[in-house]
Structure formats: C-alpha cells, structure tokens
Amino acid sequence: MVMLKGLKWLIFLSLFVYIVVRAVTVPITHDEAYSYFLVKTNYVVAMAGTANTHWINALGMKIGSFLLGDLPWQLRIFSILAWLIYGFSAIKISEKIQNKLLGLSLFICLVANPFLLDFFSLARGYGLACAFTLASIWKALKLLEKNLWELKDWVPIVFFGSLAVFSNYTTFYFFMALVCSFLSFAIYKRGGQHFLPIRFSKWLIIIVGTSIAAISNLLFIKLYTGDLEYGGNDGLIYSVFGSLVSGSLYVPNMTNDIIVFAYVVFLLVVVAVAYSGYIFLVDKTITPLSFLSSIVLWMLLFNISFHYAFDTPYLFSRTTLVFYPCIILLFHFLINEIQFAQLKNRFLLGAFSILLIAVFLYNFIANFNLYYCYEWKDQADTKRCLDVANADGAENILIQKWHAGVYINYYSVVKSKQYSFKITPFLPEEIVELSDSFKKTFYEYDHAILLPPFNLQQMHNEGLRFTVLEQFHLTGAAVLKIQK
C-alpha cells in the first residue's frame, strides 16, 4: 500500500526532527562529558583503556568539535546522522514482510522505542551500533532472497557489522553471531568448498582485523584497567531481558511485573528459535526467520559463554540494545511465517498488528520528553544547579559526584570564563549517612549541590545550617547556600 509506505517515511522524518531537537535540548550527560574530556585532550591511552570509549562516536565528537563547536548537539552529530541509516534500514526490512500492516507494525516497533531513541540524540556509540547492525541485517536479508553465498557478496554485510563493533564493543556479540550464522548456512548450502583454498580477501581481512582489534582492546581494558565491570550478574533473563524491557518502557526500577514480562519475552525467543529450527529441518530452506534465529541464538550463547568462561557480566540496560532490533525482527518474521504457512487469517493478523502498533505508539507518547534521557536523568539539571550557585556568587562548592563529573570534564572547559568556582565531589551515601566528619567538612564550603537521596529536614535536625536556593522538580537536585 502506497499510503502505508508514505506513513513510514512521515514517521521516519518526524522522529528525525524529534532526535535533532532532543540533541539540542537534552543537557550533556556524565558519560558524554568523560568522552569529551578524553577526545579534547587527545588522551589516547586512557581512551583505549576505558569501556566508555566508543571509537566511531569518539571520532564523531572530534569532528563535531573541530568543525562545529563544543555544544552538546555539535558533539552528537554522528549519532544524529546514524538515525538516517537506522530508520532507512527499518523501512527497507519492513517491506519484506508479506502483510503490509504487519510490516508497518515491524517498522513502528523498531523505531518507536524511547529508550533506543535516546541514543540517537546522545554522543554515545549505541545508536551508531544499532544503525550499523540493522543495516547489516537488511543487506543479509537481500542476499538470502537471491540465495547468494559468495564471500564477495557478503563483504558489505560484515563491513557494516564491523562498523557496529567499533561503534560499541557490546556489538561484538552480534558480529560473532553474524559470522557464525553465515559460515554455518554457507557450509550447509555449498559444502564449504568456496572457502578453499583460504586466501586473503576483503571478507577475511574484515573478519580477522575486526576480531583482533576488538579482542585485544577488550583484553587490555579487562586486564589492565579493569573497566569491563558494567553489566548484570543476576542471571541472563533478569540482566538482559529484564533491563531491556525496563528501559524500553522507561521504567527506572525492575518491578515484579517487569521480570514477568522479561520471562515472557525470553520464552517467545525460545519458541521462535525452536519453531525456525523445526521448519529448517523439515523444509531444508534458509528463511529470514531461520537466519535471525541463528543470530539471536549465537548472541545468547556467546553472552552466556563469556560470562562463565571469563567472568564477563551479562549485557545490562543500554548494552542490551544490540539485542533489540534482532528480537523485534525475530518476532515479526515468526508471525509472518506462521501466518502464511499455517493460519492465513488476515483479520486476526490485522488485529494483532494494530494492537502492537497502538502499544508501542502509546509507550512512545507517554515517555515523550525533550529534557532528559533514561540512563542519565540525574544530569538533566546539572547546568541549572551550576548556574544557580554561580549567580549566588559561589566560590567553593561541595557537589555530588554525578554532577561533579559533568562539571570537571565538560562545563569547566566550555564554561571556563563563566564558572570560576572550585568544587569538591562527595559520594551519594555521605549525604545519607551524615557522619560527623562529613558534617564538619560541610562548613568548609559556601554552597552545596545535592542529588537524591537526601533529606533536608534530617540535615536540619542534625544541626546543618543552610538555605535552599532552589530545588528542581525533574531530578530532585537541590542547591544549598551554607550558613557558617
């Protein structure tokens, strides 16, 4: 239907505007600020030694800073442009679904996730990684239609996969899964003869080069700096599926309902993989569903294996986004194959598609905002806090560490002429415990900037003297003037 295709393009462009506006209005976050500091100081050794460095994103920040300036949206330019790749790939893949309404559902589910959209407005590598991942899958599905298994034909696919890896190393799970899936099906179709004799080719250079670069950098980070600790250790379902569901719904806490939902999603993945395996064994044909099932299965196996073999945490929260487009595609191609092979009920399929579209659009609208993102909401008021303290003549500020990191790495550089005060960070638990040493230190400063949890009444009861200059509703952050 021409109308549905036009609707997809309208949504694609509307979301692009939304992403651009958010890139301008959402204040810089803690991790962006640290990346900015490393990029601005050309601190290459530190960049290689931290998992916070997403290489293509770092390149984007460097180019954005050099050509445009140091405003947040200028540093986020690569992520903004990545949306064009992601959205276009989503449109092209959705056209491969036989039922057009189900294809629209696939497109909406891919693009109307507020958690995912956050990262196209931030200078992080996750939006870039998802864009290159989806582009790689789109190119792969095109070759499946033509039954092409020559190595030269798959060069663009592994190239996009490689770009995803260097956008964010969590995508290495996808890259390995993509290569393993291709090798498995290519050997099945061709017997592996076209791999022999082994010779240098673009395909092999990309595979080997990407693997060596990623593995060596990851080993350096894990063994030398120990910065690969972000992730989940509470089981695969809780860590991967639970945090992905929680983030997608923009729910900050892992409630029992979220955990139940996570188990449902996991069971649906198991059903999809099992069904595709059964169909493959019966029909002996490689379909989009079987290829996607193979990728998701390999990704899960690698995540489990790395967890037990190398004590690598499970993917968690933002790092699970590499699974998101794969799972959405898996579900829709499962429905697509079941519908046309078994049910053939257009009314039921249409009703189901409309329900999915309504749920995802409602979730997007309910979480529509121009001021903060899910992962780093705490920093949404950092600049406002600094401005309030600065306007009150602050010279020496006691500041909670999540505000402090943003100030030290970003605002102290770009606002050096505006901000002349000194800061001292403190840990979040210190404002809760209110130890004698903290209360004594409190009076060494003229202002304090706090983030929840804290209790102003308890602080008064403990004898701390201050006035509240301003407290912000969005994050609960407060700026205090200390009375000595």
Side-chain angles (χ1 to χ4, degrees), residues 24-38 40-41 65 69-75 123 369-373 376-484:
V24 174
T25 59
V26 173
I28 199 157
T29 64
H30 180 276
D31 285 21
E32 287 180 295
Y34 184 52
S35 290
Y36 171 79
F37 166 74
L38 296 179
K40 200 68 175 177
T41 57
S65 176
D70 293 328
L71 294 176
W73 74 265
Q74 295 166 334
L75 303 173
N369 83 85
L370 301 176
Y371 308 108
Y372 66 91
C373 56
W376 296 280
K377 185 177 180 180
D378 286 347
Q379 287 96 58
D381 289 322
T382 299
K383 185 176 182 300
R384 294 174 185 172
C385 290
L386 295 170
D387 286 341
V388 169
N390 190 59
D392 197 55
E395 295 180 356
N396 201 1
I397 301 176
L398 183 65
I399 185 170
Q400 205 260 21
K401 75 167 190 173
W402 295 114
H403 282 312
V406 180
Y407 172 76
I408 293 169
N409 293 317
Y410 181 73
Y411 288 116
S412 67
V413 178
V414 300
K415 299 286 186 181
S416 58
K417 295 181 179 179
Q418 179 181 345
Y419 298 150
S420 59
F421 44 72
K422 297 178 182 179
I423 70 161
T424 299
F426 69 89
L427 298 175
E429 55 268 24
E430 293 184 78
I431 199 66
V432 176
E433 296 169 356
L434 293 176
S435 64
D436 291 338
S437 60
F438 178 82
K439 287 187 285 186
K440 182 179 179 180
T441 304
F442 187 75
Y443 291 105
E444 296 176 6
Y445 307 93
D446 49 63
H447 289 76
I449 296 178
L450 315 180
L451 265 177
F454 60 84
N455 188 316
L456 295 177
Q457 185 59 52
Q458 180 189 4
M459 292 171 65
H460 276 300
N461 294 341
E462 292 284 342
L464 295 178
R465 301 182 302 277
F466 58 86
T467 57
V468 180
L469 296 179
E470 191 162 354
Q471 184 166 14
F472 296 94
H473 173 73
L474 180 61
T475 62
V479 183
L480 311 183
K481 183 169 186 175
I482 299 172
Q483 299 171 346
K484 299 181 180 181

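The first residue in the sequence is number 1, and the count goes up from there. All values below come from the heavy atoms of this structure, side chains included, with hydrogens, waters and symmetry mates left out.
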Participant: Could you please spell out the steps behind the side-chain contact (heavy atoms from CB on, under 4.5 Å) verdict for Phe466 and Lys481?
Facilitator: CA-CA 5 Å; Phe466 58 86; Lys481 183 169 186 175; over 6 Å; no

Participant: Which pair of heavy atoms, one from Tyr443 and one from Gln483, lies closest together, and at what distance?
Facilitator: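 Reported closest heavy-atom pair: CE2-O, 3.4 Å.
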
Participant: Can you list every salt bridge (Lys or Arg N to Asp or Glu O under 4.0 Å) pair that touches residues 451-473, not counting sequence neighbours?
Facilitator: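 For residues 451-473: Lys439-Glu462.
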
Participant: Can you give me the closest heavy-atom contact between Phe426 and Gln400, atom names plus distance?
Facilitator: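 Here Phe426 and Gln400 meet closest at CE2-N, 3.2 Å.
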
Participant: One pair to check against side-chain contact (heavy atoms from CB on, under 4.5 Å): Lys40 and Asp70. What are the steps and the verdict?
Facilitator: CA-CA 10 Å; Lys40 200 68 175 177; Asp70 293 328; 3.1 Å; yes

Participant: Would you name the heavy atoms of Tyr372 and Ala380 that are closest together and state the gap between them?
Facilitator: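 Answer, listing the atom of Tyr372 first, then Ala380: CB-CB, 3.8 Å.
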
Participant: Mind listing the closest non-hydrogen atom pair of Ala33 and Gly405 along with its distance?
Facilitator: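 Ala33 and Gly405 have their closest heavy atoms at CB-O, 4.3 Å.
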
Participant: Checking the side chain of Gln74 only, and the main-chain atoms of Ser65 only, is there a donor and an acceptor separated by less than 3.5 Å?
Facilitator: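 Checked: no pair found.
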
Participant: Answer with yes or no after comparing the ring centroid distance for Trp376 and His30 against a 6.0 Å cut-off, counting only values under it.
Facilitator: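 That pair fails the under 6.0 Å test.
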
Participant: Name the one of Ile399, Val406, Thr475 that satisfies side chain to side chain contact (heavy atoms under 4.5 Å, CB included) with Thr382?
Facilitator: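 In the set Ile399, Val406, Thr475, the residue that makes a side chain to side chain contact (heavy atoms under 4.5 Å, CB included) with Thr382 is Val406.
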
Participant: Report the C-alpha distance between Thr424 and Glu444 in whole Å, list the side-chain angles of each, state the deciding distance to 0.1 Å, and finish with yes or no for side-chain contact (heavy atoms from CB on, under 4.5 Å).
Facilitator: CA-CA 10 Å; Thr424 299; Glu444 296 176 6; over 6 Å; no

Participant: Between Thr29 and Glu32, is any side-chain donor less than 3.5 angstrom from a side-chain acceptor?
Facilitator: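 Glu32 and Thr29 do have a side-chain donor-acceptor pair below 3.5 Å.
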
Participant: Begin from the C-alpha positions of Ile482 and Asp446 and carry the test side-chain contact (heavy atoms from CB on, under 4.5 Å) through to its verdict.
Facilitator: CA-CA 5 Å; Ile482 299 172; Asp446 49 63; 5.7 Å; no

Participant: Determine, using ring centers only, whether Phe421 and Tyr407 are less than 6.0 Å apart.
Facilitator: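 Between Tyr407 and Phe421, the centre distance is under 6.0 Å.
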
Participant: How about Leu464 and Leu434: do any of their side-chain heavy atoms sit closer than 4.5 Å?
Facilitator: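 Leu464 vs Leu434: side chains touch.
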
Participant: Indicate yes or no: at least one non-hydrogen side-chain atom of His403 is less than 4.5 angstrom from one of Ile423.
Facilitator: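 The answer is no; the side chains never approach within 4.5 Å.
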
Participant: Quick one: does Glu433's side chain have a donor or acceptor within less than 3.5 Å of a partner on Ser435's backbone?
Facilitator: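 Checking the backbone N and O of Ser435 against the side chain of Glu433, no donor-acceptor pair under 3.5 Å is found.
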
Participant: Do Tyr410 and Leu75 have side-chain heavy atoms sitting under 4.5 Å apart?
Facilitator: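 Yes, at least one pair of side-chain atoms sits under 4.5 Å.
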
Participant: Does a side-chain heavy-atom distance below 4.5 Å link Ile408 with Phe37?
Facilitator: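 Counting from C-beta outward, Ile408 and Phe37 never come under 4.5 Å.
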
Participant: Taking atom NZ as the centre, does Lys484 end up with more than 12 heavy-atom neighbours from other residues, nucleotides or ligands that are less than 6.0 angstrom away?
Facilitator: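 Yes.
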
Participant: Could you tabulate the donor-acceptor pairs under 3.5 Å formed by side-chain atoms of residues 389-398, not counting sequence neighbours?
Facilitator:
unit_1	atom_1	unit_2	atom_2	d
Asn390	ND2	Gln418	O	3.4
Asp392	OD2	His447	NE2	2.7

Participant: For residues 376-385, pull every pair meeting salt bridge (Lys or Arg N to Asp or Glu O under 4.0 Å), keeping only residues two or more places apart or in separate chains.
Facilitator: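 Residue pairs passing salt bridge (Lys or Arg N to Asp or Glu O under 4.0 Å), neighbours aside: Asp381-Arg384, Lys383-Asp387.
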
